[in-house]
Amino acid sequence: MRVVFVHGACVRDGSWWWHRTAGLLRERGVASTAPALPSCGEAGLPAGAGGPGLAEDVAAVRQALLADDEPTVVVAHSYGGIVTAEAAAGVGSVRHLLLVSSYLPEAGQSLSEFGDGGPAPFLDVDPGAGTFGVRPELLVDTFLQDCDAEVQRQAAGHLARQSLRVTGQPAGAAAWQEVPSTYLVCTRDRGTPARLQREFARRAGTVVELDAGHHPFLSRPDAVRDLLLGL
């Protein structure tokens with residue numbers, strides 16, 4: 001088995017965000033990769049108006065999935081669930097989806113259709129530039145409050161401005177309808193509250209809850225590893 005990690009919104013360097021869980025998997029002989037998402041400025045093109053959007057993110061993840069025919073588990077975090085819904089559809093090697101504090105769109109649904117009815121206070125939206133990002137001063141308290149000091153210190157260097165257009169672009173497919181799926185509800189998540197996660201999780205095949213914040217693969221990597229190995 002191999003694992004393909006798909007990171008969430010407004011960050012870059014997926015290999016950093018997933019490195020603690022990836023390292024534990026590697027010790028068990030499980031390889032993993034974390035493709036770059038162009039809408040976060042990771043493909044050499046700047047994020048912003050007219051820049052890469054959801055389609056480019058989907059293409060990047062799909063390329064990673066098709067690069068190997070080994071049985072694959074896709075781990076999607078937050079916005080990564082929107083990307084994965086389309087990217088993993090029809091890929092025969094994908095055997096399971098693990099959705100971490102994630103969105104599960106129907107075909108035709110966009111990121112803007114999820115949420116709590118208002119703009120998130122932890123986001124900085126710049127309509128003129130066509131980008132959005134996490135307010136750095138709110139990063140730790142919102143998303144990393146249960147992580148150790150080293151992770152909290154390093155994380156700000158891995159934030160990114162993302163193309164605003166991804167919020168309104170609809171997913172073209174819903175892989176979770178055809179592939180077995182597990183939803184990991186993070187009960188201490190301050191970015192996507194657990195009550196919302198539980199609503200999203202109704203579409204998944206299995207639901208697991210973990211006492212963790214928005215990034216359990218950094219704060220509880222052993223638990224995420226064990227969950228993956230048990231799928």
Side-chain angles (χ1 to χ4, degrees), residues 5-25 32 34-37 39-42 47-48 57 75-83 98-103 111-112 114-126 129 131-164 166-167 183-201 208-228:
F5 292 113
V6 184
H7 69 67
C10 304
V11 302
R12 59 180 175 82
D13 305 330
S15 59
W16 182 84
W17 291 95
W18 300 102
H19 75 278
R20 290 193 168 177
T21 296
L24 294 178
L25 288 172
S32 65
L37 300 186
S39 74
C40 295
E42 293 189 284
D57 291 348
V75 184
H77 180 232
S78 195
Y79 161 75
I82 303 287
V83 180
L98 175 59
L99 304 140
V100 183
S101 190
S102 184
Y103 307 102
L111 180 63
S112 62
F114 296 88
D116 218 2
F122 50 79
L123 291 180
D124 170 37
V125 180
D126 185 341
T131 64
F132 71 114
V134 172
R135 296 182 183 275
E137 70 274 16
L138 299 179
L139 172 64
V140 170
D141 285 346
T142 305
F143 297 111
L144 300 164
Q145 83 280 5
D146 62 330
C147 292
D148 61 47
E150 180 183 4
V151 164
Q152 292 176 348
R153 185 170 53 253
Q154 294 179 359
H158 300 277
L159 293 179
R161 302 291 298 182
Q162 186 167 4
S163 295
L164 186 58
V166 302
T167 63
Y183 195 106
L184 179 59
V185 174
C186 303
T187 61
R188 295 172 61 193
D189 192 338
R190 297 174 180 172
T192 306
R195 59 182 177 78
L196 289 180
Q197 294 177 59
R198 293 183 182 114
E199 290 181 17
F200 305 156
V208 177
E209 299 207 358
L210 181 66
D211 181 30
H214 193 66
H215 294 88
F217 36 87
L218 287 170
S219 64
R220 299 283 307 278
D222 53 340
V224 177
R225 173 205 58 196
D226 292 347
L227 178 57
L228 274 166

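Residue numbers start at 1 and run along the sequence shown. Quantities reported herein were computed from a predicted structural model and do not represent experimental measurements.
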Next on the checklist: Within the 3.5 Å criterion, strictly below it, is a donor on Ser39 or Gln162 matched to an acceptor on the partner's side chain?
Outcome noted: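 Yes - a donor-acceptor pair under 3.5 Å links their side chains.
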Once rounded to the nearest 0.5 Å, what's the spacing between atom [atom1] of [X] and atom [atom2] of [Y]?
{"X": "Leu218", "Y": "Asp148", "atom1": "CG", "atom2": "CG", "answer": "8.5 Å"}
{"X": "Asp222", "Y": "Leu24", "atom1": "CG", "atom2": "CG", "answer": "7.0 Å"}
{"X": "Leu184", "Y": "Ser102", "atom1": "CG", "atom2": "OG", "answer": "10.5 Å"}

[X] side chain to [Y] main-chain N or O, any donor-acceptor pair under 3.5 Å?
{"X": "His7", "Y": "Trp18", "answer": "no"}
{"X": "Arg12", "Y": "Gly157", "answer": "yes"}
{"X": "Gln197", "Y": "Cys186", "answer": "yes"}
{"X": "Ser112", "Y": "Thr167", "answer": "yes"}
{"X": "Arg220", "Y": "Asp211", "answer": "yes"}
{"X": "Thr187", "Y": "Leu210", "answer": "yes"}
{"X": "Asp146", "Y": "Gly213", "answer": "yes"}

Can you name the closest pair of heavy atoms from [X] and [Y] and give their distance?
{"X": "Leu25", "Y": "Leu228", "answer": "CD1-CD1, 3.8 Å"}
{"X": "Asp13", "Y": "Glu42", "answer": "N-OE2, 2.7 Å"}
{"X": "Ala201", "Y": "Tyr183", "answer": "CB-CG, 3.5 Å"}
{"X": "Thr21", "Y": "Arg225", "answer": "CG2-N, 4.3 Å"}
{"X": "Val185", "Y": "Ala194", "answer": "CG1-CB, 4.2 Å"}
{"X": "His214", "Y": "Thr192", "answer": "CE1-OG1, 3.9 Å"}

Next on the checklist: For a side chain to side chain contact (heavy atoms under 4.5 Å, CB included) check, start with the C-alpha distance between Asp126 and Arg161, then their side-chain angles and the critical distance, and finish with the verdict.
Outcome noted: CA-CA 10 Å; Asp126 185 341; Arg161 302 291 298 182; 3.6 Å; yes
Next on the checklist: Test of understanding: with side-chain hydrogen bond (donor to acceptor under 3.5 Å, both in side chains), list the residues that count as partners of Glu150, not counting sequence neighbours.
Outcome noted: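 With neighbours one apart ignored, the set is Gln154.
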Checklist entry - Sequence neighbours excluded, which residues qualify as side-chain hydrogen bond (donor to acceptor under 3.5 Å, both in side chains) partners of Arg188? => result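 side-chain hydrogen bond (donor to acceptor under 3.5 Å, both in side chains) list for Arg188, sorted by chain: empty.
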Checklist entry - Between Trp16 and His158, is the gap from one ring center to the other below 6.0 Å? => result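 Aromatic pair counts; centres sit under 6.0 Å.
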Do [X] and [Y] make a side-chain contact, defined as non-hydrogen atoms from C-beta onward lying under 4.5 Å apart?
{"X": "Leu37", "Y": "Tyr79", "result": "yes"}
{"X": "Phe114", "Y": "Leu196", "result": "no"}
{"X": "Phe200", "Y": "Leu99", "result": "no"}
{"X": "Asp141", "Y": "Leu138", "result": "no"}
{"X": "Cys10", "Y": "Phe132", "result": "yes"}
{"X": "Leu123", "Y": "Val134", "result": "yes"}

Item to check | Worked check of side chain to side chain contact (heavy atoms under 4.5 Å, CB included) between Ser219 and Cys147 | outcome: CA-CA 5 Å; Ser219 64; Cys147 292; 3.8 Å; yes
Item to check | Chi angles and distances behind the side chain to side chain contact (heavy atoms under 4.5 Å, CB included) call for Val224, Leu227 | outcome: CA-CA 5 Å; Val224 177; Leu227 178 57; 5.6 Å; no
Checklist entry - What do the steps show when you test Phe143 against Val11 for side chain to side chain contact (heavy atoms under 4.5 Å, CB included), and what is the final call? => result CA-CA 12 Å; Phe143 297 111; Val11 302; over 6 Å; no
